[in-house]
Amino acid sequence: FMKYDVSIIPDIEYNSVGYGFISSSTELARFSMLTAPVTGVKQGATGHSSLLWMPLETYCNPDDRENYHPKWYMEGADPSQFCYTARGDKAEYDLMVQTAAEVMKNLMRTDSTAHFFDFSMTDNFVWCGCEECLRISKKYGALAAGVVLFLNDMTQMVEDWFATEEGSAYEREFYVQFYAYHNILAAPVFYDDSKDTFSVGGDEIFCNKHVIPKVADEWADYTTSVTTNQNYELWLALKGWAYLSEHTFTYYYNMRYHDLLSPLDTFNNMQELYQFSKENNCQGVYQLGSVGQQGPPTGWGALKIYLMSKLGVDVNCNVEKYMDKFFGYAFQDAADTMRKLFEEWRFLEEYNSRINFN
């Protein structure tokens, strides 16, 4: 039997990767990885699922006047995101909060294990620009303010339900994540660069204990340091959300998505990114790789998975030591040759990067 030290507590509690061949918790466990136990909503979606809580066909159908609530959705011909302020209509807002809370309560009623949920934006670039959304965005400093205020109210309603006779039977710790992504990457904070300090437009904008932002910056350059100028938005987003929330989650990108077989050198920044995540209250890291690849990963892809599994346990581990172990075990007699090829490839990547030949 393998010898395990059960006293080891991972630096990143939920550390997982998105590669097609790793499709179950059992396979993740082989790498000492764990994914957050998100309960699927309606059609089973565990990400980008906000509209499944209150579907357009149910609540934005003009032929069903009894359930017609167009103010719950963004203005315009494409209501594919919520209006998290209900256009400033308090009665509609309160009903919207109540309806979302009832979805979560029903999931808790039917599943005793359900405690982690997703209420993330639709995966597109549109967002509500109504007068009320813009007003609170200005007040708190970012478009994401509406999402935080709404989820704070919704989760508080569920918390209050636990104090009732009916709800007490279902009481548990619970969390809801949302993607801080695209239009709502930036945290609703005000940052003073000269003092490296944050402030807020009101204490109500702090995420309550149930609400977890999941920072996903698809435009960051993951081949370079998180502290470089081109990664300023990611750096500020992580720090800003850590200021607002007890816990954060992150969603990083690790491939060339236009050519999955052309490797991307994210080894330079990998350890620093894990360290920076831990410094900023990060409870969960997800690394998106080649999710459509069903066979074994490429050699460098396998190395990434191996190192990410080690960094999730100890963000300050000796990465070079684990790289030596990987090449020795994976390539055996060819270890020296493969290590030389690996270093030559990284040299070429660095050269191409410096002359902007990516």
Side-chain angles (χ1 to χ4, degrees), residues 2-19 21-22 27-34 220-228 230-231 234-235 238 250-256 260-280 282 284-290 293 296-355 358:
M2 299 291 290
K3 294 181 180 179
Y4 294 101
D5 182 350
V6 295
S7 68
I8 294 175
I9 300 174
D11 285 341
I12 306 295
E13 182 177 358
Y14 297 110
N15 177 39
S16 59
V17 295
Y19 285 80
F21 79 100
I22 300 179
E27 288 161 331
L28 279 171
R30 292 175 56 230
F31 296 92
S32 298
M33 289 180 167
L34 182 66
D221 183 352
Y222 293 96
T223 68
T224 64
S225 170
V226 70
T227 63
T228 55
Q230 59 263 46
N231 284 331
L234 172 61
W235 178 87
L238 283 169
T250 57
Y251 191 120
Y252 299 134
Y253 300 83
N254 254 285
M255 300 293 294
R256 297 186 197 276
L260 296 180
L261 292 180
S262 176
L264 181 68
D265 186 3
T266 58
F267 295 98
N268 293 311
N269 189 36
M270 188 182 296
Q271 182 162 33
E272 181 194 39
L273 198 56
Y274 269 87
Q275 291 170 336
F276 188 69
S277 300
K278 182 177 183 294
E279 290 169 8
N280 288 282
C282 190
V285 168
Y286 177 76
Q287 297 267 8
L288 181 63
S290 53
Q293 181 181 343
T298 63
W300 306 162
L303 175 57
K304 282 184 182 182
I305 296 167
Y306 177 67
L307 294 179
M308 289 186 290
S309 72
K310 300 301 182 184
L311 286 166
V313 175
D314 178 8
V315 299
N316 297 311
C317 70
N318 188 331
V319 170
E320 285 298 320
K321 181 190 76 172
Y322 285 119
M323 289 179 73
D324 290 340
K325 288 184 67 174
F326 176 87
F327 278 90
Y329 282 117
F331 300 112
Q332 299 185 32
D333 291 344
D336 290 343
T337 300
M338 294 303 293
R339 185 61 180 265
K340 184 172 182 291
L341 287 171
F342 175 70
E343 298 299 346
E344 288 177 349
W345 162 70
R346 295 190 71 198
F347 181 85
L348 180 61
E349 283 285 288
E350 180 68 16
Y351 173 78
N352 287 338
S353 177
R354 293 195 180 202
I355 64 169
N358 286 323

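Just so we're clear, the structure is a prediction, and the values are computed from it rather than from any experiment.
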For the student: nearest non-hydrogen atoms of [X] and [Y], plus distance:
X: R339; Y: D324; result: NH1-OD1, 2.7 Å
X: E272; Y: V226; result: OE1-N, 3.2 Å
X: Y19; Y: S290; result: CD2-OG, 3.4 Å
X: M255; Y: L264; result: O-CD2, 3.6 Å
X: C282; Y: I12; result: O-CD1, 3.7 Å
X: V315; Y: Q271; result: O-NE2, 2.9 Å

Apply side chain to side chain contact (heavy atoms under 4.5 Å, CB included) to L303 and F327, showing your working.
-> CA-CA 9 Å; L303 175 57; F327 278 90; 3.9 Å; yes
Exercise: do T266 and Y252 side chains pair donor with acceptor under 3.5 Å | no
Could you tell me whether the side chains of N15 and Y274 share a donor-acceptor contact shorter than 3.5 Å?
-> yes
Give, for atom [atom1] of [X] and atom [atom2] of [Y], the distance between the pair rounded to the nearest 0.5 Å.
X: M33; Y: Y286; atom1: CE; atom2: OH; answer: 11.0 Å
X: W300; Y: I305; atom1: CH2; atom2: CD1; answer: 14.0 Å
X: N231; Y: N269; atom1: CG; atom2: CG; answer: 7.0 Å
X: L273; Y: N254; atom1: CG; atom2: CG; answer: 8.5 Å
X: F342; Y: F347; atom1: CZ; atom2: CZ; answer: 15.0 Å
X: M270; Y: D265; atom1: CE; atom2: CG; answer: 8.5 Å

Answer yes or no: is there a donor N or O on one side and an acceptor on the other, between the side chain of Q287 and the main chain of S16, under 3.5 Å?
-> no
Would you please indicate yes or no on a ring centroid separation below 6.0 angstrom for Y251 and Y253?
-> yes
Presence of salt bridge, E350 and R346, under 4.0 angstrom = no
Heavy atoms of other groups near N318 CG, more than 12 under 6.0 Å | yes
Residue pair T337 / K340, side-chain heavy-atom distance below 4.5 Å = no
Specify whether Y306 and F326 have parallel, tilted or perpendicular ring planes, treating 30° as the upper limit for parallel and 60° as the lower limit for perpendicular.
-> tilted
